[in-house]
Amino acid sequence: MYRTHYCGELNIENVGQTVTLAGWVKSNRKFGGATFIDLRDRYGITQLVFDMETDASLCQQANELGREYVVQAVGKVTERSNKNTEIPTGEIEIVVITMTILNVSPTPPFTIEDNTDGGEELRMKYRYLDLRRNIMQKSLMLRHKLAEASREYLSRNGFIEIETPFLIKSTPEGARDFIVPSRIHQGEWYALPQSPQTFKQILMMSGYDKYFQIVKCFRDEDFRADRQPEFTQVDCEMSFVHQADIIAMFTGYAKHVFEKVINVDLGDIPTITYTEAMLHYGSDKPDLRFEMKLNYLNELVVDNSFPPFAEATSTNGSVISLAVSGGATYTRKQIDAYTDFVKQPNRALSGLIWAKWNEDDTVTSSVGKFFQNDEIYRWFEASNAGKGDLLLIAVAATRKVQKAMGDLRLEVAKDQNLRDKNVYKALWVIDFPMFSYDEGNESWTFEHHPFTSPKSEHIDLLQTEKGAVLANAYDFVINGWECCSGSIRIHDPIIQSAVFEALGMSKDEAQTKFGFLLGALTFGAPPHGGCAFGFDRLAALMMGTDSIRDVIAFPKNNSGRDLMLDAPAAVDFNVLKSVGLA
């Protein structure tokens with residue numbers, strides 16, 4: 001056999017035994033007449049010792065081993081004189097009797113260490129080497145444990161795992177589809193699923209009651225640290241449930257996997273509405289690890305002639321302040337950086353107003369010449385701020401300024417080290433708008449997907465007041481990351497047709513795109529709903545990394561390329577011809 005033990009397995013109780021190990025050379029060190037090799041496999045590291053006085057030729061062979069050589073070593077376990085308490089095998093070493101080189105390696109392009117000298121692009125090109133790093137192996141082991149814990153909880157609660165197809169019909173779900181040409185039916189296309197949404201609904205109509213699947217999904221959208229063109233989700237659906245039933249079930253799921261995988265108790269998990277989230281945090285996925293809520297000063301400045309305030313209060317805009325604890329010591333350069341932050345195109349504010357309550361009890365402000373000191377003190381009082389604090393104030397249309405100040409809230413918290421990766425704060429956000437208005441296309445579109453049920457009391461507003469319709473939709477958020485999204489689905493074909501009509505879809509168009517679903521709804525569809533947890537995002541949160549690429553074995557880079565495979569790539573002309581594209 002290649003090995004009797006793994007490299008992370010041996011300890012002081014094995015002293016005196018003759019063992020066989022196999023793995024990769026992590027490091028090669030020479031001290032006097034001895035050579036020390038750290039041998040690594042995915043289970044850990046064991047130190048091998050070669051003594052020049054005992055076997056000069058074997059020691060010379062060890063001296064010539066390069067990093068990442070693959071070797072097999074037979075030797076005796078002995079107690080180390082200089083113990084290493086940082087690793088499980090640090091009390092022992094192997095005095096090597098025989099060694100076989102199983103394969104050689106050139107010098108790697110970067111060090112195979114947690115704190116490597118390789119940049120992300122280089123490591124993605126040589127992903128097979130990057131995956132040997134301990135931190136990457138921990139990430140993939142955590143993914144395994146997360147999948148194991150997910151299946152354990154869901155199976156225990158009566159869910160059954162059912163696979164759904166990858167080659168489907170293109171349906172609108174909020175992002176662009178990846179499409180696949182058909183060779184047999186030339187001119188027609190499959191799409192890769194953005195989610196198994198319609199299939200899991202049909203499974204409920206087929207009587208399966210509780211379904212789940214840890215499934216790959218595909219979306220042709222722009223890239224961010226928490227997005228990939230292909231990603232994994234824990235997809236779930238239940239029959240005969242209300243929103244409260246689903247929230248209870250998947251609060252239990254979240255608590256179970258965090259406890260099982262990283263021994264973290266999520267504690268009490270509050271529920272707030274979308275309106276409350278936007279009002280207090282400027283985001284529908286608020287980070288609750290710190291307070292720092294948005295404050296509204298409209299009532300204090302309603303009669304003021306200062307042009308920005310007067311314009312906001314006369315046009316139903318908002319004057320919002322953010323209290324920065326200890327910020328009175330901030331320099332003008334620091335404040336200007338925040339001003340530039342809210343001016344960026346994705347926020348597009350005209351600027352920030354600032355005010356400081358100094359330690360000597362005076363106040364200073366960028367607009368001090370327009371206001372009496374007692375007025376500025378009242379801004380601080382309304383913002384739950386005091387001596388030593390800074391107020392950052394912005395004025396704009398309510399939704400616009402809420403979003404910008406919500407982003408600024410996160411930026412300030414990052415600078416003040418308030419976003420501790422070892423702290424986990426979760427919540428549910430409910431009562432999302434059903435529709436949003438697309439100014440560019442001058443049309444209404446869905447916020448979640450077109451199968452989400454409107455609240456029963458809002459059904460009559462579908463044709464008359466779309467902007468007022470709220471959905472039976474809910475998101476699960478941890479530390480400012482949307483980790484789960486779901487809704488109660490429409491089970492009445494008449495309401496489903498009304499929603500399609502509200503989206504401007506003709507009966508013929510609805511029948512062409514969703515005839516199979518409308519047909520299934522007519523055959524006794526039960527009330528049902530579900531959700532999908534972002535598996536990669538959960539893993540990234542548990543690992544304490546900001547990028548899901550760090551917890552995916554073979555991810556794409558920021559431009560959607562697989563640098564190891566050099567994909568996407570051109571396809572042979574004959575392949576294109578066979579599917580009618582050449």
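Counting only heavy atoms from C-beta outward, the side chains of Trp481 and Ile548 approach each other to under 4.5 Å. Looking at heavy atoms from C-beta onward, Trp354 lies out of side-chain contact with Leu352 at the 4.5 angstrom threshold. Between Arg3 and Gln72, the closest side-chain pair of non-hydrogen atoms is not below 4.5 Å. By the 4.5 Å heavy-atom criterion applied to side chains, Tyr43 and Glu9 are not counted as neighbours. Residues Arg409 and Tyr281 have side chains in contact (heavy-atom distance under 4.5 Å, counting atoms from C-beta outward). Put simply, the side chain of Val551 does not reach to within 4.5 Å of the side chain of Leu538, judged on heavy atoms. Annotation: side chain of Leu410 is in contact with side chain of Phe290 (closest heavy-atom distance under 4.5 Å). Contact annotation: the side chain of Glu230 never approaches that of Cys217 to less than 4.5 Å [non-hydrogen atoms, C-beta and beyond].
The number of heavy atoms from other shown groups lying within 6.0 Å of CG (Asp268) does not exceed 12. No more than 12 heavy atoms of other residues, nucleotides or ligands shown are found within 6.0 angstrom of NZ on Lys260. Counting non-hydrogen atoms of neighbouring residues, nucleotides and ligands closer than 6.0 angstrom, the CZ atom of Phe110 exceeds 12 such neighbours. More than 12 heavy atoms of other shown residues, nucleotides or ligands fall within 6.0 angstrom of atom OH in Tyr69. The number of heavy atoms from other shown groups lying within 6.0 Å of CD (Glu53) does not exceed 12.
Below 30°, between 30° and 60°, or above 60°: for Trp357 and Phe380 the angle between ring planes is above 60°, a perpendicular geometry.
Ionic pairing of Lys421 and Asp546 is present here: one or more N-O contacts between side-chain nitrogen and carboxylate oxygen are shorter than 4.0 angstrom. Looking at Arg143 and Asp536, a side-chain N of the basic residue comes within less than 4.0 Å of a carboxylate O on the acidic one, giving a salt bridge. A salt bridge is absent between Glu359 and Lys387; no separation between the charged side-chain nitrogens and carboxylate oxygens falls under 4.0 Å. Ionic pairing of Arg289 and Asp420 is not present here: no N-O contact between side-chain nitrogen and carboxylate oxygen is shorter than 4.0 angstrom. Glu148 has no carboxylate O lying under 4.0 Å from a charged side-chain N of Lys145, or vice versa, which leaves the two without a salt bridge. Using a 4.0 Å cut-off between charged nitrogen and carboxylate oxygen, Asp566 and Arg561 count as a salt-bridge pair.
Here the closest heavy-atom approach between residue Val477 and residue Pro286 is recorded as CG1-O, 3.6 Å. The heavy-atom pair separating Lys403 from Asn346 by the smallest distance is NZ-O, 3.8 Å. In plain terms, the two heavy atoms of Asn28 and Asn63 that are nearest each other are ND2-O, 3.7 Å. When every heavy atom of Met124 is checked against every heavy atom of Pro555, the shortest pair comes out as CE-O, 3.3 Å.
Within the 3.5 Å criterion, the main-chain N or O of Val70 finds no donor-acceptor partner in the side chain of Asn103. A donor-acceptor pair is defined here as one N or O able to donate and one able to accept, closer than 3.5 Å; such a pair exists between the side chain of Asn157 and the backbone of Tyr153. Under the 3.5 Å distance criterion, the side-chain polar atoms of Gln228 are matched with a main-chain donor or acceptor of Lys556. One N or O on the side chain of Asn14 and one on the backbone of Asn11 form a donor-acceptor pair closer than 3.5 Å. With hydrogens and angles ignored, the 3.5 Å screen pairs a side-chain donor or acceptor of Lys255 with a backbone N or O of Gly267.
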Donor-acceptor pairs are to be reported for all side-chain atoms of residues 320-330 against protein atoms at under 3.5 Å, with residues two or more places apart or in another chain.
unit_1: Ser321; atom_1: OG; unit_2: Ser383; atom_2: OG; d: 2.6
unit_1: Thr329; atom_1: OG1; unit_2: Gly326; atom_2: O; d: 3.2
unit_1: Tyr330; atom_1: OH; unit_2: Gln416; atom_2: NE2; d: 2.9

Let me have the donor-acceptor pairs involving side chains of residues 88-101, under 3.5 Å, with sequence neighbours excluded, atom names and distances please.
unit_1: Thr89; atom_1: OG1; unit_2: Ile45; atom_2: O; d: 2.4
unit_1: Glu93; atom_1: OE1; unit_2: Gln47; atom_2: NE2; d: 2.7

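Annotation: side-chain hydrogen bond (donor to acceptor under 3.5 Å, both in side chains) contacts of Asp235 (sequence neighbours excluded): Lys200, Tyr211, Gln233. Not counting sequence neighbours, the partners of Glu276 by the side chain to side chain contact (heavy atoms under 4.5 Å, CB included) test are Ile272, Thr273, His280. Listed by chain and number, the residues in a side chain to side chain contact (heavy atoms under 4.5 Å, CB included) with Pro270 are Leu288, Leu427 (sequence neighbours excluded). By the side-chain hydrogen bond (donor to acceptor under 3.5 Å, both in side chains) test, Thr20 is found to be paired with no residue, residues two or more places apart in sequence or in another chain being considered. Every residue meeting the side-chain hydrogen bond (donor to acceptor under 3.5 Å, both in side chains) condition with Asp117, not counting sequence neighbours, appears here in chain and number order: Thr111. Under the side chain to side chain contact (heavy atoms under 4.5 Å, CB included) criterion, Glu291 pairs with Lys293, sequence neighbours left out. With sequence neighbours excluded, the residues satisfying side chain to side chain contact (heavy atoms under 4.5 Å, CB included) with Phe432 are Tyr274, Asp284, Val429, Ala473, Asp475.
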From CA spacing to verdict: side-chain contact (heavy atoms from CB on, under 4.5 Å), Tyr338, Glu411: CA-CA 8 Å; Tyr338 290 137; Glu411 187 72 5; 4.0 Å; yes

Trace of the salt bridge (Lys or Arg N to Asp or Glu O under 4.0 Å) decision for Glu237 with Lys210: CA-CA 6 Å; Glu237 199 79 2; Lys210 292 179 180 178; over 6 Å; no

Trace of the side-chain contact (heavy atoms from CB on, under 4.5 Å) decision for Glu152 with Ser155: CA-CA 5 Å; Glu152 178 186 37; Ser155 298; over 6 Å; no

Working for side-chain contact (heavy atoms from CB on, under 4.5 Å), residues Asp209 and Ile160: CA-CA 9 Å; Asp209 196 64; Ile160 58 173; over 6 Å; no

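Side chains of Tyr253 and Ser150: a donor on one and an acceptor on the other come within 3.5 Å. For the residue pair Ser57/Asp55, the side-chain donor-acceptor check at 3.5 Å is satisfied.
Between the CD atom in Gln344 and the OG1 atom in Thr339 there is a gap of 11.5 Å [rounded to 0.5 Å]. Distance check, rounded to the nearest 0.5 Å: CZ of Arg537 to CG of Asn479 gives 13.5 Å. For the atom pair CD of Glu120 and CG of Asn557, the computed distance is 8.0 Å after rounding to the nearest 0.5 Å.
Within the structure, side chain to side chain donor-acceptor pair (under 3.5 Å) pairs that include any residue of residues 125-140 comprise Glu68-Arg132, Arg123-Asp130, Arg127-Asp130, Asp130-Arg133 (at least two apart or interchain). Residue pairs meeting the ring-ring contact (aromatic ring centres under 6.0 Å, His included) criterion with at least one partner in residues 412-431, sequence neighbours excluded, are Phe258-Tyr424, Trp428-Phe476. Sorted by first and then second residue, the salt bridge (charged side-chain N to carboxylate O under 4.0 Å, His left out) pairs with a member in residues 15-34 read Lys26-Glu113, Arg29-Asp38; sequence neighbours excluded.
For Phe231 and Phe535, the ring centers are positioned 6.0 Å apart or more.
Phe341 carries Arg347 over the face of its six-membered ring, with the cationic atom under 6.0 Å from the centre and within 45° of the normal.
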